[in-house]
K.L.:
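Structure provided below as structure tokens; questions to follow.
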There are 2 protein chains.
Amino acid sequence: MSTQLFSHINTYVSINNEDFEGISSFFEFQNVSKKKTLMEAGTSCAYNYFVLQGCLHMYYTNEKGMERTVQFAIDNWWMTDCLAYLKRTRTDFNIQASEDTKLLSISFEKQEQLLKAFPQLERYFRIMYQIGYGASIMKMKYLFDFSKEEIYLHFTEHYPDFAQRVPQYLIASFLGLTPEYVSEIRAKKRS
Amino acid sequence: MSTQLFSHINTYVSINNEDFEGISSFFEFQNVSKKKTLMEAGTSCAYNYFVLQGCLHMYYTNEKGMERTVQFAIDNWWMTDCLAYLKRTRTDFNIQASEDTKLLSISFEKQEQLLKAFPQLERYFRIMYQIGYGASIMKMKYLFDFSKEEIYLHFTEHYPDFAQRVPQYLIASFLGLTPEYVSEIRAKKRS
């Protein structure tokens with residue numbers, strides 16, 4: 001089992017090697033190919049994912065059949081529909097691999113057992129959700145306030161890792177832009 | 001000290017009366033008047049607020065001088081700029097009382113001490129942030145997908161408590177609508 005999750009947890013709370021041996025037994029390693037769907041809209045949201053290497057995106061399909069991305073996760077990020085996961089309900093979202101991805105998955109039941117066995121991880125997950133919540137409030141501010149061009153430029157400047165790795169059509173769907181519009185801005189930027 | 005926070009915590013984790021006596025000693029009760037500013041953009045984000053009775057809103061002022069609301073908190077909700085609070089940085093947002101409000105406040109330092117003394121509260125705050133994060137992802141879905149009229153109708157239908165209590169201009173600024181537009185929809189709905 002990768003020690004990447006061990007290092008990531010240790011950035012926020014203190015665990016030792018022995019703890020981590022116990023902790024890792026709750027997770028399953030998965031190697032998923034690009035385009036593989038991990039969670040499907042309309043089904044129960046049963047798993048939480050930690051990306052070791054690769055990229056996932058969470059999206060829904062609107063009434064016009066357009067896909068809209070609401071979240072990305074690259075290396076060292078968690079991803080699930082966190083409300084449906086908490087409330088044990090069906091999800092409105094899909095999670096798909098944006099590229100070939102190595103990840104750790106944990107079911108809701110296992111995560112509850114993990115938190116009982118290692119209650120210090122409550123702090124770790126509290127901080128993860130606190131960061132996610134804060135970031136999504138900031139995103140709302142940008143969506144409200146920036147022009148379409150500013151949204152794109154802000155994103156590529158502040159998140160170069162995402163901008164380079166994630167296909168252009170997914171960035172467009174995350175920022176509420178059309179792929180054509182993103183091509184236009186990129187052409188303008190190069191010229 | 002109100003037992004309201006005691007009940008709220010007990011909905012998510014188990015604490016007894018003796019624990020709660022200790023827990024409440026970390027909080028300060030405040031009675032704030034409508035329009036009172038609790039946190040100001042450009043200053044450090046030092047407090048977390050739990051609304052006992054009343055309503056707070058968090059907003060920023062954009063370059064055009066327009067106020068945009070990004071969050072509300074009514075009875076039993078927490079409010080702060082959770083990223084700035086976590087990272088001990090200046091905030092871009094203001095928190096103001098939308099009506100006369102009774103609340104409990106806790107500083108960052110005290111909250112860290114509280115979590116050390118009562119680590120079972122990490123679970124409570126983890127769930128609070130998980131709900132907040134999940135709700136803001138859902139809001140993004142609505143903002144992307146609904147027409148302006150649908151956004152307003154969805155909000156008033158799903159959050160009647162907010163819709164009745166919160167002044168119309170604040171609901172407009174939360175939903176990204178102009179107050180004039182909200183008046184129009186309301187007139188249309190009545191007719």
Side-chain angles (χ1 to χ4, degrees), chain A residues 12-13 45 48 58-64 66-71 78-87 89 91-93 111-112 115-116 119-147 150 173-177, chain B residues 12-13 45 48 58-64 66-71 78-87 89 91-93 111-112 115-116 119-147 150 173-177:
Chain A
Y12 300 96
V13 298
C45 171
N48 199 357
M58 191 166 107
Y59 70 95
Y60 65 97
T61 308
N62 71 11
E63 285 175 7
K64 291 174 193 150
M66 264 173 72
E67 289 182 7
R68 294 284 212 174
T69 298
V70 291
Q71 262 189 96
W78 287 90
M79 179 172 270
T80 191
D81 172 355
C82 60
L83 258 193
Y85 186 69
L86 178 71
K87 298 191 171 176
T89 56
T91 176
D92 290 341
F93 300 99
Q111 188 164 350
E112 282 298 298
L115 291 168
K116 253 193 198 141
Q120 64 269 49
L121 292 183
E122 288 285 4
R123 182 176 176 87
Y124 170 70
F125 283 107
R126 188 261 296 166
I127 295 172
M128 293 302 103
Y129 285 121
Q130 191 168 355
I131 292 172
Y133 185 28
S136 74
I137 297 282
M138 288 307 285
K139 187 187 168 193
M140 228 169 271
K141 185 171 180 291
Y142 300 136
L143 286 181
F144 264 155
D145 247 32
F146 283 14
S147 71
E150 283 168 340
S173 108
F174 180 61
L175 299 176
L177 309 173
Chain B
Y12 300 97
V13 298
C45 171
N48 200 356
M58 190 166 108
Y59 70 95
Y60 66 96
T61 308
N62 71 11
E63 286 176 8
K64 292 175 193 151
M66 264 174 71
E67 290 183 5
R68 294 284 210 173
T69 298
V70 291
Q71 261 189 96
W78 287 88
M79 180 173 271
T80 192
D81 172 356
C82 61
L83 259 194
Y85 186 71
L86 177 71
K87 297 190 172 176
T89 56
T91 175
D92 291 340
F93 300 99
Q111 189 166 351
E112 283 298 298
L115 291 168
K116 253 190 198 144
Q120 65 269 48
L121 292 184
E122 288 285 5
R123 182 176 174 87
Y124 169 70
F125 283 107
R126 188 262 295 166
I127 296 171
M128 292 302 102
Y129 286 121
Q130 191 168 355
I131 293 172
Y133 185 27
S136 75
I137 296 281
M138 287 307 286
K139 187 187 167 191
M140 226 168 274
K141 184 170 180 291
Y142 299 136
L143 286 179
F144 264 156
D145 248 33
F146 283 15
S147 71
E150 282 169 339
S173 110
F174 180 63
L175 299 176
L177 310 173

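Any value given below was found using the heavy atoms of this structure, including those in side chains, with hydrogens, waters and symmetry copies removed. Naming: A, B, ... by sequence-line order, numbering from 1 per chain. Bear in mind the structure is a predicted one, so any value in this text is a computation, not a measurement.
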K.L.:
Is B:Gln71 in contact with chain A via its backbone, its side chain, both, or neither, using a 4.5 Å heavy-atom distance?
P.N.:
side chain
K.L.:
Enter the distance from B:Tyr60:OH to A:Met138:CE here, rounded to the nearest 0.5 Å.
P.N.:
9.5 Å
K.L.:
Please report the shortest heavy-atom distance between A:Tyr133 and B:Gly132, naming the atom on each side.
P.N.:
CE1-O, 3.2 Å
K.L.:
As an exercise, state the distance from SG of B:Cys82 to CD1 of A:Ile127, rounded to the nearest 0.5 Å.
P.N.:
12.0 Å
K.L.:
For the atom pair CG (A:Asn62) and NZ (B:Lys141), what is the distance rounded to the nearest 0.5 Å?
P.N.:
8.5 Å
K.L.:
Examine whether an atom of B:Met66 lies under 4.5 Å from a heavy atom of chain A, and if so say whether it belongs to the side chain, the backbone or both; otherwise answer neither.
P.N.:
neither
K.L.:
Contact between B:Gln130 and A:Tyr85 at the side-chain level, heavy atoms closer than 4.5 Å - yes or no?
P.N.:
yes
K.L.:
Contact part of B:Thr91 toward chain A, heavy-atom cut-off under 4.5 Å: side chain, backbone, both or neither?
P.N.:
neither
K.L.:
Is chain A contacted by the side chain of B:Phe93, its backbone, both, or neither, given a heavy-atom distance below 4.5 Å?
P.N.:
side chain
K.L.:
Between B:Phe125 and chain A, which part of the residue has a heavy atom less than 4.5 Å away: side chain, backbone, both or neither?
P.N.:
both
K.L.:
Any chance you could measure B:Met140, atom CE, to A:Met140, atom CE, to the nearest 0.5 Å?
P.N.:
4.0 Å
K.L.:
Taking atom OH of B:Tyr12 and atom CG of A:Leu86, what is their separation to the nearest 0.5 Å?
P.N.:
8.0 Å
K.L.:
For residues A:Arg123 and B:Glu122, report the shortest heavy-atom separation together with the two atoms involved.
P.N.:
NH1-OE2, 2.7 Å
K.L.:
Picking from A:Met128, A:Arg68, A:Gln120, which has the most non-hydrogen pairs under 4.5 angstrom with chain B?
P.N.:
A:Arg68
K.L.:
CZ/A:Phe146 to CD/B:Glu63 distance, rounded to the nearest 0.5 angstrom?
P.N.:
7.5 Å
K.L.:
Which one, B:Val70, B:Ile137, B:Leu121, B:Thr80, leads in non-hydrogen pairs under 4.5 Å with chain A?
P.N.:
B:Ile137
